[in-house]
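Sequence positions, counted from 1, serve as the residue numbers for this chain.
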Amino acid sequence: MTTLGVVYRPQLPPENLRSVVLAAEESGVDSLWLWEDCFLESGIACASAALAWTSRLHVGVGLLPVPLRNVALTAMETATLERLFPGRVTLAVGHGVQDWMGQVGARVASPLTLLREYTLALKALLAGERVTVSGRYVNLTDVALDWPPAAPMPIYVGGLGMKTLDLAGEVGDGTVLDASADLARVKAITSTRTHPVVVYVETDSRDRAFVTDLVASVAGAGATSVILQQSATSEDPEGFVRFVGSLDGVSA
């Protein structure tokens, strides 16, 4: 069974998040996903609120841009969320939009090197390890979380380019594909790994037959989770979430 989720786009104001989160909780949507896009909304802050407002809903943050965030800070925030809301949060990391990273002075010469170093260090910290590492970009000296998760926490890696997706398969515990990935790319990725693959799919349609067929096609390509996102200009996100919650489960 492929799970079905929905995105709350950061182009929507933060003060509207609560009504959409509650709609997702009430309508039975499996997961709500959030983005940390510059310079809109914090993925971690929104996730914390969404988790606090609900008791069932799974919340994903996909993705956090690693050049923008010190890895120790991300580990602290992620561990805190997991201890507060065990088993209800999924975190994905990625390059971020390079132009945005340049705007804040965080763009690096080798995004792949940074993503590899960052993911490995983050996973080690969340596993409760004491970490000392001297990399090209990630440098930690005797760092350990005082309040790590009770068990090692999976970290997903998001991207579209094949080099990044190869890295996701190597160091990630899951892969996130954005909505620009076609079915051929989804099949190519799912066929090469055994860990979960989350796929974003953009649609504003509320035609049940169309959306059900759309989701089924992505599930048939091997996606573990299909996450529906509206376009940036769409309206009534709460109504869309309730529509997604009304859809039946999708068999892979």
Side-chain angles (χ1 to χ4, degrees), residues 1-11 24 28-37 43 58-66 89-98 111-112 115-116 119 123 154-232 234 240-241 243-252:
M1 181 70 73
T2 299
T3 61
L4 188 61
V6 67
V7 171
Y8 184 84
R9 296 188 68 118
Q11 289 84 2
V29 171
D30 180 75
S31 61
L32 180 88
W33 285 73
L34 305 160
W35 302 343
E36 189 164 84
D37 282 359
H58 194 98
V59 175
V61 183
L63 48 80
L64 295 174
V66 300
V89 61
T90 297
L91 180 75
V93 295
H95 300 306
V97 176
Q98 294 304 294
L112 281 170
L115 187 56
R116 176 187 295 276
T119 304
K123 290 175 63 174
I155 295 297
Y156 289 33
V157 176
L160 181 64
M162 284 309 301
K163 289 183 179 179
T164 301
L165 293 173
D166 286 345
L167 180 63
E170 180 184 345
V171 303
D173 301 304
T175 297
V176 177
L177 287 169
D178 74 18
S180 61
D182 57 21
L183 287 179
R185 178 62 59 91
V186 175
K187 290 178 181 177
I189 296 305
T190 59
S191 66
T192 61
R193 61 207 64 190
T194 57
H195 69 211
V197 178
V198 176
V199 182
Y200 290 121
V201 177
E202 184 170 297
T203 181
D204 289 324
S205 175
R206 298 194 196 181
D207 180 299
R208 181 178 298 272
F210 171 79
V211 176
T212 298
D213 287 347
L214 178 64
V215 172
S217 68
V218 181
T224 306
S225 297
V226 178
I227 312 301
L228 297 177
Q229 66 181 66
Q230 292 181 286
S231 65
S234 64
F240 184 75
V241 165
F243 166 73
V244 174
S246 73
L247 300 175
D248 296 330
V250 179
S251 298

J.: Do side-chain atoms of Arg116 reach the backbone of Val171 as a donor and acceptor pair under 3.5 angstrom?
T.: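 Such a contact is absent between Arg116 side chain and Val171 backbone.
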
J.: Which atom pair, heavy atoms only, marks the closest approach of Val186 to Ala221?
T.: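 Heavy atoms of Val186 and Ala221 come nearest at CG1-CB, 3.7 Å.
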
J.: Treating Asp173 as the side-chain partner and Ile155 as the backbone partner, does any N or O pair qualify as donor plus acceptor under 3.5 Å?
T.: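 Yes: the side chain of Asp173 pairs with the backbone of Ile155.
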
J.: Taking atom CG of Leu63 and atom CH2 of Trp33, what is their separation to the nearest 0.5 Å?
T.: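 One gets 9.5 Å once the value is rounded to the nearest 0.5 Å.
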
J.: Locate the shortest heavy-atom distance separating Val176 from Ala92; write the atom from each residue and the value.
T.: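 Scanning both residues completely, I find the closest heavy atoms to be CG2-CB, 3.8 Å.
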
J.: Could you tell me whether a side-chain N or O of Thr212 sits under 3.5 Å from a main-chain N or O of Ala209, the two making a donor and an acceptor?
T.: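 No, the answer is negative, given that no donor and acceptor are paired below the 3.5 Å cut-off.
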
J.: Measure from the side-chain N and O atoms of Ser231 to the backbone N and O of Asp204, and report whether any donor-acceptor pair falls under 3.5 Å.
T.: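 Checked: no pair found.
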
J.: Go through Leu247 and Leu4 one step at a time and tell me if the side-chain contact (heavy atoms from CB on, under 4.5 Å) criterion holds.
T.: CA-CA 9 Å; Leu247 300 175; Leu4 188 61; 3.9 Å; yes

J.: I would like to know whether Leu64 and Leu91 meet side-chain contact (heavy atoms from CB on, under 4.5 Å); could you show each step before the answer?
T.: CA-CA 8 Å; Leu64 295 174; Leu91 180 75; 3.0 Å; yes

J.: Return all side-chain donor-acceptor pairs below 3.5 angstrom for residues 156-165, not counting sequence neighbours, or 'none' if the list is empty.
T.:
| from | atom 1 | to | atom 2 | distance (Å) |
| --- | --- | --- | --- | --- |
| Thr164 | OG1 | His95 | NE2 | 2.8 |

J.: If you take all heavy atoms of Val29 and Gly5, which pair is closest and at what distance?
T.: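 Heavy atoms of Val29 and Gly5 come nearest at CG1-CA, 4.1 Å.
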
J.: Restricting to non-hydrogen atoms, name the atom on Thr192 and the atom on Ile189 that form the minimum distance, rounded to 0.1 Å.
T.: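 Looks like OG1-O, 2.9 Å.
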
J.: Distance from Gln229 atom CD to Arg9 atom CZ, nearest 0.5 Å?
T.: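 Spacing of CD (Gln229) from CZ (Arg9) equals 5.5 Å.
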
J.: Please report the shortest heavy-atom distance between Pro10 and Trp35, naming the atom on each side.
T.: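 In this case the closest contact between Pro10 and Trp35 is CD-CE3, 3.6 Å.
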
J.: Determine whether Tyr8 and Val241 make a side-chain contact, defined as any pair of heavy atoms from C-beta on separated by less than 4.5 Å.
T.: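 SC-SC contact between Tyr8 and Val241 ruled out.
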
J.: What's the shortest heavy-atom distance between Gly172 and His195, and which atoms?
T.: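 Where Gly172 meets His195 most closely, the heavy atoms are O-ND1, 3.2 Å.
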
J.: Are any non-hydrogen side-chain atoms of Val198 and Thr175 less than 4.5 angstrom apart?
T.: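 The answer is no, as the side chains (C-beta and beyond) never meet within the 4.5 Å cut-off.
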
J.: Could you give me the CA-CA distance, side-chain angles and deciding distance for Val218 and Leu183, then say whether side-chain contact (heavy atoms from CB on, under 4.5 Å) is met?
T.: CA-CA 7 Å; Val218 181; Leu183 287 179; 4.1 Å; yes

J.: Rounded to the nearest 0.5 Å, how far apart are CZ of Arg206 and CZ of Phe243?
T.: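 Answer for the CZ-CZ pair, Arg206 versus Phe243, is 8.0 Å.
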
J.: Using modelled atom types only, decide if a donor and an acceptor are shared between the side chain of Arg208 and the backbone of Ser246 within a distance under 3.5 Å.
T.: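 Yes, Arg208 side chain to Ser246 backbone: donor-acceptor pair under 3.5 Å.
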
J.: What I want to check is whether the side chains of Asp207 and Ser205 have a donor and an acceptor closer together than 3.5 Å.
T.: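 Note: Asp207 and Ser205 side chains miss the donor-acceptor criterion.
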
